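A quick note: this is a predicted structure, and the numbers were derived from the prediction, not measured.
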Amino acid sequence: VQLQASGGGLVQAGGSLRLSCAASGWIFSRYAMGWFRQTPGKEREFVAGISWSGGSRYYADSVKGRFTISRDNAKNTVYLQMNSLKPEDTAIYYCAADETYGATASTSYDYWGKGTLVTVSS
C-alpha cells in the first residue's frame, strides 16, 4: 500500500495549486480519502474528505469555498484543488485513506502518504 502526494510548491497569496495523490498496491475505490495538513509544532489538521465513489465530500470550515477535493478511481488518484490561497494555508499536506467515510480525526485513517510542502507568500 503506497500513497504518493505531489504538486506542492511556492505560490503567492491569492494563487492556486492542485495537489495530487497517487495510490498503488491496493483497491483504491474501496477507501474514502482525505487530505490533512500540518505545520511545525501543531497537530495534523483535517482539510477535506471524499467518499469511495466521489459523490460525497466534506471540508474544514477554514477551506470551505476555496478548496475542492476530487478523485479519479480509474487513475487511482485523489486531488485537492486549492484556490484563493492564504499565507495561513502554508503547511505540509498529506493524503490518507480510510475504510470508513466521514472521519476528520487523523487517527481514523489507515494509510498515509509522505507529505508535499505548500508555501503561500504574502
Side-chain angles (χ1 to χ4, degrees):
V1 176
Q2 286 190 326
L3 291 167
Q4 181 64 56
S6 62
L10 174 63
V11 63
Q12 287 188 332
S16 298
L17 279 176
R18 188 176 82 152
L19 305 183
S20 300
C21 175
S24 62
W26 47 296
I27 303 175
F28 178 72
S29 59
R30 291 185 180 176
Y31 285 81
M33 297 297 295
W35 285 97
F36 287 75
R37 64 188 182 187
Q38 190 170 23
T39 54
K42 292 189 177 181
E43 292 188 358
R44 201 162 288 190
E45 173 192 25
F46 171 79
V47 174
I50 191 166
S51 62
W52 308 272
S53 67
S56 297
R57 311 170 192 193
Y58 57 111
Y59 300 91
D61 288 342
S62 58
V63 306
K64 204 171 292 183
R66 300 188 297 122
F67 290 11
T68 302
I69 188 171
S70 62
R71 68 189 295 163
D72 185 339
N73 286 345
K75 295 182 178 180
N76 286 358
T77 303
V78 62
Y79 305 96
L80 185 68
Q81 178 66 44
M82 306 185 295
N83 298 329
S84 302
L85 282 161
K86 304 176 182 179
E88 51 263 43
D89 294 319
T90 296
I92 299 174
Y93 283 72
Y94 299 88
C95 59
D98 191 354
E99 290 186 349
T100 60
Y101 170 69
T104 59
S106 60
T107 52
S108 175
Y109 285 74
D110 305 299
Y111 302 106
W112 291 85
K114 293 183 180 179
T116 185
L117 176 62
V118 172
T119 303
V120 184
S121 63
S122 57

Review point. Taking all atoms of both residues into account, what is the closest heavy-atom pair of Leu80 and Tyr93, and its distance?
Key: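 What the structure gives for the nearest pair is CD2-CD2, 4.1 Å.
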**Study point:** Joint cluster assignment, Leu85 & Tyr59, ILVMFWY side-chain distance < 4.5 Å
**Key:** yes
Check your understanding: Any link between Phe67 and Val78 through a network of hydrophobic side chains (Ile, Leu, Val, Met, Phe, Trp, Tyr) touching at under 4.5 Å?
Key ->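 Yes: a chain of side-chain contacts under 4.5 Å links Phe67 to Val78.
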Please round to the nearest 0.5 Å and tell me the distance separating atom [atom1] of [X] and atom [atom2] of [Y].
| X | Y | atom1 | atom2 | answer |
| --- | --- | --- | --- | --- |
| Gln4 | Asn76 | CD | CG | 14.0 Å |
| Ser51 | Ile69 | OG | CD1 | 9.5 Å |
| Glu99 | Ser108 | CD | OG | 9.5 Å |

Check your understanding: Using links of under 4.5 Å between side-chain heavy atoms of ILVMFWY residues, direct or through other members, which residues join Ile92 in one cluster?
Key ->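 Its cluster mates, by chain and number, are Phe36, Phe46, Trp52, Tyr58, Tyr94, Tyr101, Tyr109, Trp112, Leu117.
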Review point. Which residues satisfy the salt bridge (Lys or Arg N to Asp or Glu O under 4.0 Å) test with Glu45, sequence neighbours excluded?
Key: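 For Glu45 the salt bridge (Lys or Arg N to Asp or Glu O under 4.0 Å) partners, ignoring immediate neighbours, are Arg37.
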Exercise for review: Could I get the full list of salt bridge (Lys or Arg N to Asp or Glu O under 4.0 Å) partners for Arg66, not counting sequence neighbours?
Suggested key: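 Scan of Arg66 (salt bridge (Lys or Arg N to Asp or Glu O under 4.0 Å), adjacent residues dropped) gives Asp89.
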Check your understanding: Checking side-chain contact (heavy atoms from CB on, under 4.5 Å) for the pair Met82/Val63: CA distance, chi angles, key distance, verdict?
Key -> CA-CA 9 Å; Met82 306 185 295; Val63 306; over 6 Å; no
Using residues 6-32 as the side-chain source, report each donor-acceptor pair under 3.5 Å to any protein atom, sequence neighbours left out, with the distance given to one decimal.
{"unit_1": "Ser16", "atom_1": "OG", "unit_2": "Asn83", "atom_2": "OD1", "d": "2.9"}
{"unit_1": "Trp26", "atom_1": "NE1", "unit_2": "Gln2", "atom_2": "O", "d": "3.4"}
{"unit_1": "Trp26", "atom_1": "NE1", "unit_2": "Ser24", "atom_2": "O", "d": "3.0"}

Point to revise | Selection residues 71-81 - residue pairs positive for salt bridge (charged side-chain N to carboxylate O under 4.0 Å, His left out), sequence neighbours left out | key: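 Every pair satisfying salt bridge (charged side-chain N to carboxylate O under 4.0 Å, His left out) with a residue in residues 71-81: there are none.
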Check your understanding: Can you name the side chain to side chain contact (heavy atoms under 4.5 Å, CB included) partners of Lys42, sequence neighbours left out?
Key -> Thr39
